[in-house]
Asker: 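Just dropping this structure here.
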Number of protein chains: 4
Amino acid sequence: MVEPMTYTAAVSGATGYAGGEVLRLLCGHPDIEIATVAAHSSAGQKLGALQPHLHALADRDVVESTAQNLTGHDVVFLALPHGQSAALAEQLPAGTVVIDAGADHRLESAEAWGAFYGSDHAGTWPYGLPELLVDPNGRKQRENLPGATRIAVPGCYPTGSLLALAPALAAGLVSPQDIVIVSASGTSGAGKALKPHLLGAETMGGMSPYGVGGGHRHTPEIEQGLGWAAGEGVRISFTPTLAPMPRGILTTATAALRPGTTEEAVREAYRAAYDGEPFVHLLPEGQWPTTKSVQASNHVALQLAVDPHAGRLVVSAAIDNLTKGTAGAAVQSLNLALGLPETSGLAAQGVAP
Amino acid sequence: MVEPMTYTAAVSGATGYAGGEVLRLLCGHPDIEIATVAAHSSAGQKLGALQPHLHALADRDVVESTAQNLTGHDVVFLALPHGQSAALAEQLPAGTVVIDAGADHRLESAEAWGAFYGSDHAGTWPYGLPELLVDPNGRKQRENLPGATRIAVPGCYPTGSLLALAPALAAGLVSPQDIVIVSASGTSGAGKALKPHLLGAETMGGMSPYGVGGGHRHTPEIEQGLGWAAGEGVRISFTPTLAPMPRGILTTATAALRPGTTEEAVREAYRAAYDGEPFVHLLPEGQWPTTKSVQASNHVALQLAVDPHAGRLVVSAAIDNLTKGTAGAAVQSLNLALGLPETSGLAAQGVAP
Amino acid sequence: MVEPMTYTAAVSGATGYAGGEVLRLLCGHPDIEIATVAAHSSAGQKLGALQPHLHALADRDVVESTAQNLTGHDVVFLALPHGQSAALAEQLPAGTVVIDAGADHRLESAEAWGAFYGSDHAGTWPYGLPELLVDPNGRKQRENLPGATRIAVPGCYPTGSLLALAPALAAGLVSPQDIVIVSASGTSGAGKALKPHLLGAETMGGMSPYGVGGGHRHTPEIEQGLGWAAGEGVRISFTPTLAPMPRGILTTATAALRPGTTEEAVREAYRAAYDGEPFVHLLPEGQWPTTKSVQASNHVALQLAVDPHAGRLVVSAAIDNLTKGTAGAAVQSLNLALGLPETSGLAAQGVAP
Amino acid sequence: MVEPMTYTAAVSGATGYAGGEVLRLLCGHPDIEIATVAAHSSAGQKLGALQPHLHALADRDVVESTAQNLTGHDVVFLALPHGQSAALAEQLPAGTVVIDAGADHRLESAEAWGAFYGSDHAGTWPYGLPELLVDPNGRKQRENLPGATRIAVPGCYPTGSLLALAPALAAGLVSPQDIVIVSASGTSGAGKALKPHLLGAETMGGMSPYGVGGGHRHTPEIEQGLGWAAGEGVRISFTPTLAPMPRGILTTATAALRPGTTEEAVREAYRAAYDGEPFVHLLPEGQWPTTKSVQASNHVALQLAVDPHAGRLVVSAAIDNLTKGTAGAAVQSLNLALGLPETSGLAAQGVAP
């Protein structure tokens, strides 16, 4: 029996989109008490002025995001730009569960880190994607999370891409060398950065690509995770696009089929991988994912098609970039780390329309 | 002490936007068990094909919305076009709590009903807006709901308009004869009706008014509720507009100030009316409501300004038309009817961005 | 017969939304040659990097917006933040036609200018709203523009509000003291300023008011123009709201009817005012304006209703804030100033859907 | 010298999105007079009630779309659902220039037609994509259009896909057997069909794929056109997605590079293909297409990247589905057929923001 116990939490980066989503979920978590909300430039203000949707926390004071202010909690969430969480995390007690929603501790390869982020590699923490197949034998990342005190939350694009293709790669049904992924993300994925192309007048009604040709920082992270599932090196072509919506990622992932692979074989591999998962849903045949069906929830909607003409598997995955793509994965991983029910605080359905 | 007890519920109109939102909220309600999902033209399908965001209910069979199928539950929600719920409700047991999200039982005046709906008046049920001042002495509609077995859920526009102006009218601070309300609603307010002007290509990127000049059916309902608060007859000019968003209503309500009325007096009346309310929030001075701050939640955000130059009070109110404007009010009123905590199943914060 | 002649033009503020729209229209103007595109912080770049929709001008160099660079053109458009155009205009030759799309020269009252803008009043230029009735006898502002060498382009909100109510006021059909205007604007109306609330993730899917209670700077401009039409002082309650669309303003303007005023009398006043106008359209009865019907065009769509119950006239007006609300009015006024056909360069229909 | 002459035009399907866009462009065409607007279910109404953005045509009567009503014009545009234009076209005089914006006459292969459309093949007309390379030697489709009296307007997805990949295939720089295309389209691409998933409340804020796995009817059309350029058979994996915007298609097209291909070689092939084209623009390096930069215009924005890690070329193409993707191509092709300047009536820049 789980002892009734409340864990205290601090959230750093509380005024950004990721931090706000962590707080939103924690407001509904039965075992977590939000003790501290911290940020940098807006320290000293009331949270209600910055995150007006968090009515329950409107009167909370935003404190400076220092190690001192974050110390003394059972759990610390870091929702910070890459490069900032590592320095802060080093100063936190070893027994504190630190959940890093940023990129600092995701990559195993110091070389890849250097090539894509241009700074020193801070090390690697357990990867917070419980449903991910991490070897060809069906083992999942979930097994690595109980008791963890440091967890790296996956990037939003990798979450959709990894769940979309890992079962096919683990089962050896597609080539690990001929993979093309195109994702469309809502603009909250770019954070609250004040850049001209993120203004509403620019984003509403239009789409554009970015980081094309292998330049996006999530590319090595996707290859890393797919490589775990495949049991061998994986190369992808990844193109992210910015879509005119606040939230959500729609991933279209395709891979060259191994000769003779049938749709039924593929479907069976996905059923085997995800049946019983509380958040990952292979939809009934004929029904395709929409990002709105998972909006503001920790759910993932998947569907697949085998195209014999082109010789490719096409998998479509819909997630909410801020929930399953960030804050939901953080809470889900925390639940596993603490031995709480994996779905605690994450029971909400998608918000639609 | 509240006995731990689970009430069974049926939802009729389960495939529409209002019915879907009722189900979304009930999925998170600790004391309600969704026993039956009913609809008309889509009976026989799985709910997951029609409301794909309700992952927990994806495998539920949609049954025909007959009195027989709805009988035998503790609670029945009717989310039907006006004119349909009255006939159905008559056939349900007197002891069943019936919550009508449609218009049939909102208006006291048979004459107003006939003028705006053109059919026979079905009668009047207790009005499900607990926070509404219903006389000049501060009594609220909340008092009329415990033990009720028939409840009329307010219209979405009235919810915002009534909460915006009732305190000023109850306190005699504004004229009941010089009121102008302009509201902007997300397109889910028009339901799932297949009409050309509701197509995405039409609604995205544009705004338009409708029902101008007093013709909208919510006009008599707003006047009725404001009349309760004022203790005298009220006349309004109400113009609804369709805004390019899926959800939310932003109401701009203005009324001619009584001579000598100060902003502090008005603010005090609103504080007196809403301090302590779990869902209605008069924001700190200088902060204005946004519909996104209440999205997918039962919260209401209010702010006001006294304009001495124009001699008018301006109150801005933001709600989610499907939550506080429909399904949230339904659940909140049900909680009161059953003696459950008023906020059960409604604890969620707004979803933003 | 108009002599075939080409006028050279410079556009200052060429990288903003208003400047971009001026350039877009000038690209299609048969008598204007765009000689110089000037801006401040982005001087030295190619225009194509900043206004990628202006394909014809992609290779143009953006020069510094100095008086020297702007001198030597027949026409200079100033699309600058308020306070900047007056200083620049003073240094331009008296014979150059200077069109100020900013606020500096709109208000006649130095007192109103000081109260709302807090700086010295730069003086008043002819007001670029040709269709506006400027006295109760039917005279229009069009008469004041031929030969003008200095023109103040109206604000975007005033354009819709003035055209919506001037005919009723000029005809004495409504009270000049009981006017309520609520407008919803696309976010380009706020310019390219990098402010958090203008980010796409914030604006998409939500609405909010601002400048409530008489604080918006367009209030005195609307009262000034309506005062011309009424032949007496006018007081308005004006509330602007930010809508989730890139362009467009939907104005809902209401005024207390003089006793005995019929809808036919009002309709006749509007027909008298606007029949034959190339850009202002009183729609057929029963058809209401949509902002998309005027998108990217210089057209104005109007409809009205008399509400005898509330005793108010309600007029709905749709414009594109960047076209008729700014750049279209600039070009139209320039045409009149130069003696060109009023519609030159402005023939485009609205862009829909 | 082009003789000053006006051609009379009829537009069938005038009340749909494609027909409306044809009319919008023709309103600005110096050599075309719109003589007849025809439709089916809305015949007898005024066009202004159905296409309110076409102010110049508001008073036009919509006539029944019969061969008789369409006969007697120099040009007839057919903007009809597939299967309807062939029957109608057969009844029109041979000398009339008939432009079919539908699918009936695009495919050369009767087998492909049958497999994807399930009806008899109506035959093949000259394909209205002037800039398309139609053999490996640099010949373009433009050469096939002068004097044509029957023209098939390309599908909207094929337009972007073909222009994105034809130069690389014609130059032999990529494999014709390993091509993956993912496109995001605004919802006007689905027409005015009254389907639940096209309602604004469904489309705003979300994305979804459809026709996945090779099922979309534009697949054989893309393969046909790319096959012309490659001089050999081409196989593609094509996934269309529905994006929350009214207009625009963003295409991400990737193909496996031939060994040793450099980015400079690819870039040179695209420059050779498109330099001097009035509507197709390879953007400066580092600048990526946005659909808003081509909105409501006949322009195409292209950019490319060579990804040596993945071994793929990635080309991004932005078009407006209704303009270059339909009505603009129709007018451009007509200009070529009639010997008018190719850009007549198509000079407009993109509309942004």
Asker: Taking every non-hydrogen pair under 4.5 Å, which of D/Pro246, D/Ala56, D/Ser188 racks up the most with chain C?
Answerer: D/Ala56

Asker: Just so I understand: if I count every heavy-atom pair under 4.5 Å between each of D/Gly48, D/Gly20, D/Pro244, D/Ala301 and chain C, which residue has the most?
Answerer: D/Gly48

Asker: D/Ala348 versus chain C, heavy atoms under 4.5 Å apart: side chain, backbone, both or neither?
Answerer: neither

Asker: Under a 4.5 Å heavy-atom cut-off, does chain C meet the side chain of D/Ala347, its backbone, both or neither?
Answerer: neither

Asker: Given a strict heavy-atom distance threshold of 4.5 Å, which part of D/Lys192 is in contact with chain C: side chain, backbone, both, or neither?
Answerer: neither

Asker: In terms of heavy-atom proximity below 4.5 Å to chain C, should D/Gln295 be classed as side chain, backbone, both, or neither?
Answerer: neither

Asker: If you measure from CG on C/Leu57 to CD on D/Gln349, what distance do you get to the nearest 0.5 Å?
Answerer: 6.0 Å

Asker: With sequence neighbours left out, which residue pairs that include part of residues 53-62 of chain C fulfil the side chain to side chain donor-acceptor pair (under 3.5 Å) condition?
Answerer: C/Lys46-C/Asp61

Asker: Select one option (side chain, backbone, both, neither) describing which atoms of D/Leu322 are under 4.5 Å from chain C's heavy atoms.
Answerer: side chain

Asker: Among D/Gln287, D/Arg247, D/His281, which residue forms the greatest number of heavy-atom pairs with chain C at distances under 4.5 Å?
Answerer: D/Arg247

Asker: Between D/Ala49, D/Ala58, D/Pro353, which residue shows the highest count of heavy-atom pairs closer than 4.5 Å to chain C?
Answerer: D/Pro353

Asker: Do you know which of D/Pro52, D/Cys27, D/Ala352, D/Pro289 has the most heavy-atom pairs with chain C at a distance under 4.5 angstrom?
Answerer: D/Ala352

Asker: Determine the option with the most heavy-atom pairs under 4.5 angstrom with chain D, choosing from C/His299, C/Arg24, C/Lys292, C/Glu21.
Answerer: C/His299

